[in-house]
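Read through the structure below, which is laid out as structure tokens, and then see the notes.
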Number of protein chains: 2
Amino acid sequence: MSSARSRILDTATRLFYAEGIHTVGVDRVIAEATVAKATFYHHFKSKEDLVLAYLTTEYERQKALLGGAPGVGVERIEAILAKLAEVSVGPGFRGCPFLNAAAEYADPDHPVRHVVDDYRSWYRDLMRDSLKASGRPNADQKADLLLLVRDGIAVAGGLGDKDAVQAGVRTALAAV
Amino acid sequence: MSSARSRILDTATRLFYAEGIHTVGVDRVIAEATVAKATFYHHFKSKEDLVLAYLTTEYERQKALLGGAPGVGVERIEAILAKLAEVSVGPGFRGCPFLNAAAEYADPDHPVRHVVDDYRSWYRDLMRDSLKASGRPNADQKADLLLLVRDGIAVAGGLGDKDAVQAGVRTALAAV
DNA sequence: CTTACAGTAGACAGATCTGTCTGGTACCGT
DNA sequence: ACGGTACCAGACAGATCTGTCTACTGTAAG
């Protein structure tokens, strides 16, 4: 991974997450990453290419972060929920990058939406497998609920609603 | 309400909801509403003005719709949840207009975000008051949960995830 | 009748956005 | 030494977006 490419991707990640995808132009990314325009288009064939790189990288990061959470079965779920609760009321939190991206890409067949769907499927499966590993009944239904509550916590946290975040965490813990 | 103004607002509502706010330009609204550009700027001083009109109108619509739901107390909550469950898996549903708008406006002090906050506060209060009217304990905490689950249902429905919607409705019903 | 207003049509300015292109520099492996 | 590659600086084209402006039409109230 060349230095310029990672600088572009890091800058795009920061700006896209903090300010939204459509509101941030490639010129802005180029300027803040201090690269030349030709260098940008050397590494990414279009802005959409950069957006997809941003989201897939975020997907990999989440996989590593949550998949590497301590404990097994419901303990892992609890650890993940604790982390989510902490992060979602912390500074700089602006909701889930995937849900925010989905809100900006209305077409469900758009590649961006595929990444979002992949992430949510992966999360649901992680919950279901963890529940099954601890021998919990109705793992599928509970996984659906944990996914929906995760969505709700991310939304509420992004809007600065700490009370709702807390209510969500309580409910999720009660479900497992 | 003049004919041209309502035609503009109706068109904007349809397009902003279905395709997003930043992706739809005023030229597009003007063309599909079949009004002249001068007429548009006669009724709305800027695009942002139109966006705010779109959201506040949607807010009033929701107030009328949910506030006028049949029943009192928890019965009204159940009626609202039933309606939400039905709508959120129906055709043309693309999530909550307020949450989608919030995802496009990152600045929490932006007027758009104020409308979003107002809507969520109003919804939370409606839940809390309904719970209290039926003498339910812990009305505040339960209202927080019902708000968060509503967010989750709207997100899941917008992404076409019917399983999660159902899980959300079950949980909400269990909470009341 | 005339004044005021809502409306139509469309040109225009100015900004911004994506993507291409030219031209030059620096390093790195063969 | 040399060819390839990554990089920088910035001009440029073409599209699009917001907002203003001119000029004209129909209509309803005083």
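Residue numbering restarts at 1 for every chain, and letters A, B, ... go by the order of the sequence lines.
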Are the aromatic rings of A:His22 and A:Tyr105 close, with centres under 6.0 Å apart? yes
Tell me: CZ of B:Phe44 to P of D:dT20, nearest whole Å? 15 Å
Candidates B:Asp144, B:Asp129, B:Asp151 - the one meeting salt bridge (Lys or Arg N to Asp or Glu O under 4.0 Å) with B:Arg124: B:Asp144
In whole Å, I'd like the distance from the NE2 atom of A:His42 to the P atom of D:dC7. 6 Å
Output the residues of residues 100-107 of chain A in contact with DNA chain C, where contact means a heavy atom of the residue under 4.0 Å from an atom of the strand; sort by number or write none. none
Between CD on residue A:Glu75 and CD on residue A:Glu78, distance to nearest 0.5 Å: 7.0 Å
Residue-phosphate contact under 4.0 Å: B:His43 side-chain N/O, C:dA6 OP1/OP2: no
Would you please confirm or rule out a distance under 4.0 Å between OP1 or OP2 of C:dA6 and any side-chain N or O of B:Thr39? no
Taking C-beta and beyond as the side chain, do A:Leu131 and A:Leu146 meet within less than 4.5 Å on heavy atoms? yes
Using a 4.5 Å cut-off on heavy atoms from C-beta on, say whether the side chain of A:Thr56 contacts that of A:Asp118. no
Return yes if a side-chain donor-acceptor contact under 3.5 Å exists between B:Thr11 and B:Arg7, otherwise no. no
Give every pair of a protein N or O atom and an N or O atom of nucleotides 18-25 of chain C that lie under 3.5 Å apart, one pair per line with the distance.
unit_1, atom_1, unit_2, atom_2, d
C:dT18, OP1, A:Lys47, NZ, 3.1
C:dT18, OP2, A:Val26, N, 2.7
C:dG19, OP2, A:Tyr41, OH, 3.4
C:dG19, OP2, A:Lys47, N, 2.8
C:dG19, N7, A:Lys37, NZ, 3.1
C:dG19, O6, A:Lys37, NZ, 2.6

For a quick check of understanding: with a heavy-atom distance under 4.0 Å over all strands, which category does B:Thr34 fall into, base, sugar-phosphate or nothing? sugar-phosphate
Heavy-atom side-chain contact between B:Leu99 and B:Arg150 under 4.5 Å: yes
Any salt bridge between A:Glu19 and A:Arg14, counting N to O under 4.0 Å? no
